[in-house]
Amino acid sequence: MPDTQIYIQDYLRSDTKSRPHSTSTKRHSPKIGNPTPLGLSAFAMSVMISALYNLELFGAVQSNVMVSVSLFTGGVVQFASGMWEFKVGNTFGGTGFSAFGGFWLSYGTILYLFNTATNTDQYHSTMGVFCLTWLVFTFIFTLACIRTNLGVLSAFVFLTITFLGEVIFHFSGATIFIKLAGVFGLLTCSAVWYCLGAVLLTPDLSPISLPLYDLSVKDN
């Protein structure tokens with residue numbers, strides 16, 4: 001693959017000093033764009049809106065917007081970026097973006113089907129099981145991030161806690177846990193926004209750069 005492009009795998013085991021210096025694909029044909037910023041932005045926007053919805057901030061209590069964002073921004077856009085991650089040879093990004101694209105499509109569908117009955121026992125039981133499966137998936141991804149960098153690892157740690165809060169809320173009914181999920185959802189999207197900035201703010205585009213703090217084990 002072109003070594004002048006910046007993909008998410010370039011950041012999993014590198015700091016800002018070792019980053020490629022261009023997002024272009026000069027002298028290579030066919031040209032393939034970098035799908036990572038698209039996936040990160042779609043994920044960050046979806047998680048942010050979901051967190052604000054869980055916290056009921058700014059009067060966000062209707063699920064209509066969540067359905068639309070989940071189906072298109074979080075679902076279609078993120079799934080497409082995941083497929084392109086596979087195209088450029090990034091298994092980690094491809095699996096993560098594609099899987100969470102499926103998550104958002106499923107989540108949007110559930111919200112649509114239960115649009116008029118979101119406080120029923122059936123709804124909470126369904127969502128409890130749904131969030132539990134994604135808690136397991138996210139936890140495994142968190143373990144896979146331990147030796148990547150602080151930006152990626154923090155995003156998955158916060159996301160794992162977010163899912164844990166939602167699982168407990170749906171099974172117990174204690175509203176404090178959905179608020180906790182909302183807070184950690186905001187932390188999650190903040191970490192993803194940071195990763196997006198680190199990917200996009202390259203020397204050829206901006207004088208500003210953001211470090212991701214490499215956590216990999218260097219060979220002696």
Side-chain angles (χ1 to χ4, degrees), residues 8 12 39-57 60-61 63 65-67 69-71 73-79 81-82 92-114 118-146 148-196:
I8 194 169
L12 295 182
L40 291 174
S41 58
F43 189 76
M45 285 187 281
S46 301
V47 173
M48 184 174 182
I49 294 175
S50 176
L52 295 175
Y53 177 75
N54 286 337
L55 291 171
E56 298 182 353
L57 294 180
V61 295
S63 63
V65 173
M66 271 306 307
V67 170
V69 171
S70 297
L71 292 177
T73 305
V76 174
V77 174
Q78 197 170 178
F79 183 82
S81 68
F92 182 92
T95 303
F97 287 143
S98 300
F100 279 109
F103 163 80
W104 288 110
L105 285 168
S106 301
Y107 185 58
T109 302
I110 292 173
L111 286 179
Y112 176 77
L113 293 177
F114 285 93
T118 55
N119 291 318
T120 65
D121 291 339
Q122 182 183 7
Y123 169 78
H124 286 295
S125 297
T126 301
M127 289 302 299
V129 173
F130 178 72
C131 291
L132 179 60
T133 59
W134 283 98
L135 171 62
V136 174
F137 178 85
T138 306
F139 179 70
I140 293 173
F141 255 70
T142 302
L143 296 180
C145 291
I146 291 176
T148 59
N149 61 65
L150 190 58
V152 174
L153 177 61
S154 60
F156 276 99
V157 169
F158 293 146
L159 185 59
T160 299
I161 299 175
T162 300
F163 275 120
L164 179 61
E166 296 215 6
V167 168
I168 297 175
F169 163 70
H170 286 297
F171 282 135
S172 70
T175 56
I176 185 62
F177 289 104
I178 196 62
K179 303 304 180 184
L180 178 69
V183 170
F184 276 93
L186 289 179
L187 292 174
T188 301
C189 70
S190 297
V192 179
W193 285 128
Y194 184 90
C195 290
L196 174 64

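Source: prediction; values computed, not measured. Hydrogens, waters and symmetry mates are skipped; everything else that's a heavy atom, side chains included, is used.
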Visitor: Applying side-chain contact (heavy atoms from CB on, under 4.5 Å), name anything that partners Ala51, two or more places apart in sequence or on another chain.
Guide: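 Scan of Ala51 (side-chain contact (heavy atoms from CB on, under 4.5 Å), adjacent residues dropped) gives Leu186.
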Visitor: So, the side chain of Thr133 versus the backbone of Phe130: is there a donor-acceptor pair under 3.5 Å, distance only?
Guide: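 Such a contact is found between Thr133 side chain and Phe130 backbone.
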Visitor: Taking all heavy atoms of Leu40 and all of Val192, pick out the closest pair and write down the distance.
Guide: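 Scanning both residues completely, I find the closest heavy atoms to be O-CG1, 3.3 Å.
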Visitor: Gly151 and Ala191: which non-hydrogen atoms are nearest, and at how many Å?
Guide: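 In terms of heavy atoms, the two residues are closest at O-CB, 4.3 Å.
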Visitor: Taking the side chain as C-beta and beyond, is there a heavy-atom pair between Tyr112 and Met66 under 4.5 Å?
Guide: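 No, side chains not in contact.
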Visitor: Nearest 0.5 Å, what's the CZ-OG1 distance between Phe163 and Thr188?
Guide: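 If I round to the nearest 0.5 Å, the distance is 9.0 Å.
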Visitor: Between Val69 and Met45, is any pair of side-chain heavy atoms under 4.5 Å apart?
Guide: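 Not touching, per the 4.5 Å side-chain cut-off.
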Visitor: Would you please name every residue forming a side-chain contact (heavy atoms from CB on, under 4.5 Å) with Val77, sequence neighbours left out?
Guide: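 Checked Val77 against side-chain contact (heavy atoms from CB on, under 4.5 Å); matches are Leu38, Ala42.
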Visitor: Report the residues that fulfil side-chain contact (heavy atoms from CB on, under 4.5 Å) with Thr160, sequence neighbours left out, ordered by chain and then residue number.
Guide: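 Thr160 satisfies side-chain contact (heavy atoms from CB on, under 4.5 Å) with Leu135, Thr138, Phe139, Thr142 only.
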Visitor: Please name all residues satisfying side-chain contact (heavy atoms from CB on, under 4.5 Å) with Ser125, sequence neighbours left out, ordered by chain then number.
Guide: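 Residues passing side-chain contact (heavy atoms from CB on, under 4.5 Å) with Ser125: none at all.
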Visitor: By ring-ring contact (aromatic ring centres under 6.0 Å, His included), which residues pair with Phe141, not counting sequence neighbours?
Guide: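 With sequence neighbours excluded, Phe141 shows a ring-ring contact (aromatic ring centres under 6.0 Å, His included) to Phe92, Phe137, Phe156, given in chain and number order.
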Visitor: Provide the closest heavy-atom pair for Gly39 versus Ser81 in the form atom of the first, atom of the second, distance.
Guide: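 Shortest heavy-atom separation between Gly39 and Ser81 comes out as CA-OG, 3.2 Å.
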Visitor: Only distances under 3.5 Å count here; give the side-chain donor-acceptor pairs of residues 170-185 to other protein atoms, sequence neighbours excluded, each with its distance to 0.1 Å.
Guide:
unit_1: His170; atom_1: ND1; unit_2: His124; atom_2: ND1; d: 3.0
unit_1: Ser172; atom_1: OG; unit_2: Ile168; atom_2: O; d: 2.5
unit_1: Ser172; atom_1: OG; unit_2: Ala174; atom_2: N; d: 3.2
unit_1: Lys179; atom_1: NZ; unit_2: Asn54; atom_2: O; d: 3.3

Visitor: Give the minimum heavy-atom separation between Ser41 and Leu196, together with the two atoms involved.
Guide: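 Closest pair (atom of Ser41, atom of Leu196, distance): CB-CD2, 3.9 Å.
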Visitor: Do the side chains of Met48 and Trp193 get nearer than 4.5 Å, heavy atoms only?
Guide: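 Trp193 reaches Met48 side chain to side chain.
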Visitor: Tell me which donor-acceptor pairs under 3.5 Å the side chains of residues 99-109 have, and how far apart each pair is, sequence neighbours excluded?
Guide:
unit_1: Ser106; atom_1: OG; unit_2: Gly102; atom_2: O; d: 2.8
unit_1: Thr109; atom_1: OG1; unit_2: Leu105; atom_2: O; d: 2.8

Visitor: If you round to the nearest 0.5 Å, how far is CG of Leu111 from OH of Tyr53?
Guide: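 Answer rounded to 0.5 Å: 6.0 Å.
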